[in-house]
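All remarks here apply to the structure that follows.
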Amino acid sequence: MPELPEVETVVRTLEHQLDRVMITGCEVFWNNIIGYPDAATFCRDIVGKTIQGYYRHGKYMRFDLGDMEWICHMRMEGKFYVQQPQEPYDKHVHVILQLSDGRQLRYHDTRKFGKMYLYEKRADVSSYPCFKNIGYDAFDERITAEWMYHTLHKKKTALKAVLLDQRYIAGIGNIYADEICFAMHMHPETMINHLRKKDFEELIYHIRRILNGAIRAGGTTIRSYTSQLGVDGRFQLKLKVHAKKGEACPVCGTTIKKIVVATRGTCFCPTCQRRR
């Protein structure tokens, strides 16, 4: 699943390629992709809107349409393509937006897990229904060591499980959770209630450092993900432990192990990362 850096890469690439383009037509071939409103209303209301801004909240893409907001979550396999109308497309293209410059913006999703929402504009982003169970974006200034300590220090939950839980910090997935735990020198099963305020300060630092580094590298190309718009992620060249089972730890040389934490495959160094 594309995580925060991959989504940021797609958003910025779309902004560069599309800029302030008007949507002049809309076709939906798989109605379940539209989370709100219904597909017919979505098509009716999005036509005639100009994309005035490109934003991201966690793993969600946000498009400012003036008096409305178009929000999209690509989930596991979602991809956007900017193509000419005469170019062929396959059965996995589920939404096509006709653009005022003659091109088309096509949404491709082999597993059909992605969702799109179209809401009347609200001043508070967190008030959109699709964000009901989504916390602050990882770069939100409201995420402080004090906030994290008071929110999490009584929870008997593993560090990695907390990083993956979008209700607390939005945008981190399996790849970056592994890398953050490694940077913290903490076993991914370390209980979050064992962390001190100083640890939370360090945690915030590494979250943002690693995510920023991945954004600069264009994200991480794992399995089927690319930015699908001409930019391949290069952060996979910098991964320390994720997907490195059986390889030598880049710090101490110990063989990297893989376990399951919060139902996700988790790679870590048993020497560098100790349980707190």
Side-chain angles (χ1 to χ4, degrees), residues 1-7 58-59 75-76 133-140 142-214 219-220 222-223 225 233 235-276:
M1 177 185 291
E3 301 181 31
L4 185 154
E6 291 76 49
V7 177
K59 302 177 186 180
R75 299 290 175 91
M76 296 294 291
N133 296 313
I134 303 297
Y136 296 139
D137 183 83
F139 290 107
D140 196 305
R142 288 171 290 187
I143 296 179
T144 63
E146 190 75 21
W147 174 83
M148 291 190 79
Y149 180 78
H150 285 292
T151 302
L152 300 170
H153 82 283
K154 291 184 179 180
K155 296 188 179 296
K156 296 180 180 180
T157 307
L159 169 60
K160 181 172 179 180
V162 169
L163 291 173
L164 292 174
D165 194 330
Q166 302 301 295
R167 294 175 299 174
Y168 302 121
I169 303 173
I172 302 169
N174 203 40
I175 299 170
Y176 301 106
D178 279 357
E179 296 299 301
I180 291 164
C181 289
F182 181 77
M184 289 287 293
H185 305 291
M186 287 189 181
H187 192 289
E189 291 181 317
T190 296
M191 290 295 104
I192 198 74
N193 60 345
H194 291 174
L195 272 63
R196 302 160 297 186
K197 286 185 182 179
K198 184 177 180 180
D199 296 319
F200 284 117
E201 290 177 2
E202 185 179 357
L203 180 60
I204 292 170
Y205 166 76
H206 285 299
I207 287 172
R208 291 172 177 167
R209 176 184 66 80
I210 289 170
L211 293 178
N212 268 320
T220 303
I222 297 291
R223 295 184 62 188
Y225 176 78
F235 195 73
Q236 74 274 11
L237 303 176
K238 301 181 181 181
L239 294 175
K240 306 295 186 184
V241 291
H242 182 77
K244 302 283 188 180
K245 176 187 175 183
E247 298 183 27
C249 170
V251 173
C252 72
T254 301
T255 301
I256 293 172
K257 291 187 176 181
K258 184 176 182 179
I259 58 175
V260 176
V261 181
T263 75
R264 304 303 302 276
T266 300
C267 293
F268 72 103
C269 172
T271 298
C272 293
Q273 296 172 253
R274 298 298 182 94
R275 292 175 189 263
R276 174 68 62 82

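For the single chain, residues carry numbers from 1 onward in sequence order.
- Residue pairs that meet the ring-ring contact (aromatic ring centres under 6.0 Å, His included) test with at least one member in residues 186-209, sequence neighbours left out, are H187-F268.
- Between N133 and Q166, every side-chain heavy-atom pair lies at or beyond the 4.5 Å cut-off.
- Rounding to the nearest 0.5 angstrom, the gap separating the CG atom in L163 from the CZ atom in R264 is 12.5 Å.
- In this structure, I259 and E189 have side chains that are in contact, with non-hydrogen atoms separated by less than 4.5 Å.
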Exercise. Run the side chain to side chain contact (heavy atoms under 4.5 Å, CB included) check on T151 and Y168 step by step: do they pass?
Worked result: CA-CA 9 Å; T151 302; Y168 302 121; 4.1 Å; yes
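- A heavy-atom distance below 4.5 Å is not found between the side chains of K258 and T266.
- The closest donor-acceptor contact from the side chain of D137 to the backbone of G171 lies at 3.5 Å or more, if one exists at all.
- Put simply, the side chain of M184 reaches to within 4.5 Å of the side chain of E202, judged on heavy atoms.
- Aromatic ring orientation, Y149 versus H153: parallel (interplanar angle below 30°, classes split at 30° and 60°).
- Side-chain contact between K160 and I180 is absent, with no heavy-atom pair separated by less than 4.5 Å.
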Problem set entry | Stepwise side chain to side chain contact (heavy atoms under 4.5 Å, CB included) check, C269 with V251 | CA-CA 9 Å; C269 172; V251 173; over 6 Å; no
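- Listed for the T190 side chain is no donor-acceptor partner under 3.5 Å among the backbone atoms of M186.
- Contact between P270 and T254 at its shortest, heavy atoms only, is CG-CG2, 3.7 Å.
- Counting only heavy atoms from C-beta outward, the side chains of K257 and C267 never approach each other to under 4.5 Å.
- If you take CZ on F139 and CD1 on I207, they are separated by 9.5 Å, rounding to the nearest 0.5 Å.
- Distance check: L239 CG to K244 NZ gives 6.0 Å after rounding to the nearest 0.5 Å.
- The two atoms that bring A248 and G253 nearest to each other are CB-O, 3.7 Å, heavy atoms only.
- Nearest heavy atom pair, residue A177 against residue L164, reads CB-CD2, 4.0 Å.
- In this structure, the side chains of E247 and T255 stay at 4.5 Å or more apart for every pair of heavy atoms.
- Taking the side chain as every heavy atom from C-beta outward, E146 and K197 approach each other to under 4.5 Å.
- For the atom pair D165 CG and K155 NZ, the distance stands at 8.5 Å (nearest 0.5 Å).
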For this session: List the steps, then state whether side chain to side chain contact (heavy atoms under 4.5 Å, CB included) holds for N174 with H242.
Result: CA-CA 8 Å; N174 203 40; H242 182 77; 3.6 Å; yes
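- The nearest pair of heavy atoms linking L211 to A138 is CD1-CB, 3.6 Å.
- Considering every non-hydrogen atom in both V261 and P188, the closest pair reads CG1-O, 4.3 Å.
- Rounding to the nearest 0.5 angstrom, the gap separating the CG atom in D140 from the CD1 atom in I169 is 10.5 Å.
- Here K59 does not pair with E3 in a salt bridge; the nearest charged N to carboxylate O distance is not below 4.0 Å.
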For this session: Would you sort out whether L159 and M191 count as a side chain to side chain contact (heavy atoms under 4.5 Å, CB included), showing the intermediate values?
Result: CA-CA 6 Å; L159 169 60; M191 290 295 104; over 6 Å; no
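- One distance of note links CG of D178 with CD1 of I172; it measures 11.5 Å at 0.5 Å rounding.
- Salt-bridge check for K240 with E179: failed, with every basic side-chain N at 4.0 Å or more from each acidic carboxylate O.
- Applying the side chain to side chain donor-acceptor pair (under 3.5 Å) criterion to R208, with sequence neighbours excluded, gives no partner residue.
- Scanning both residues, L152 and V162, for their nearest heavy atoms gives CD1-CG1, 3.8 Å.
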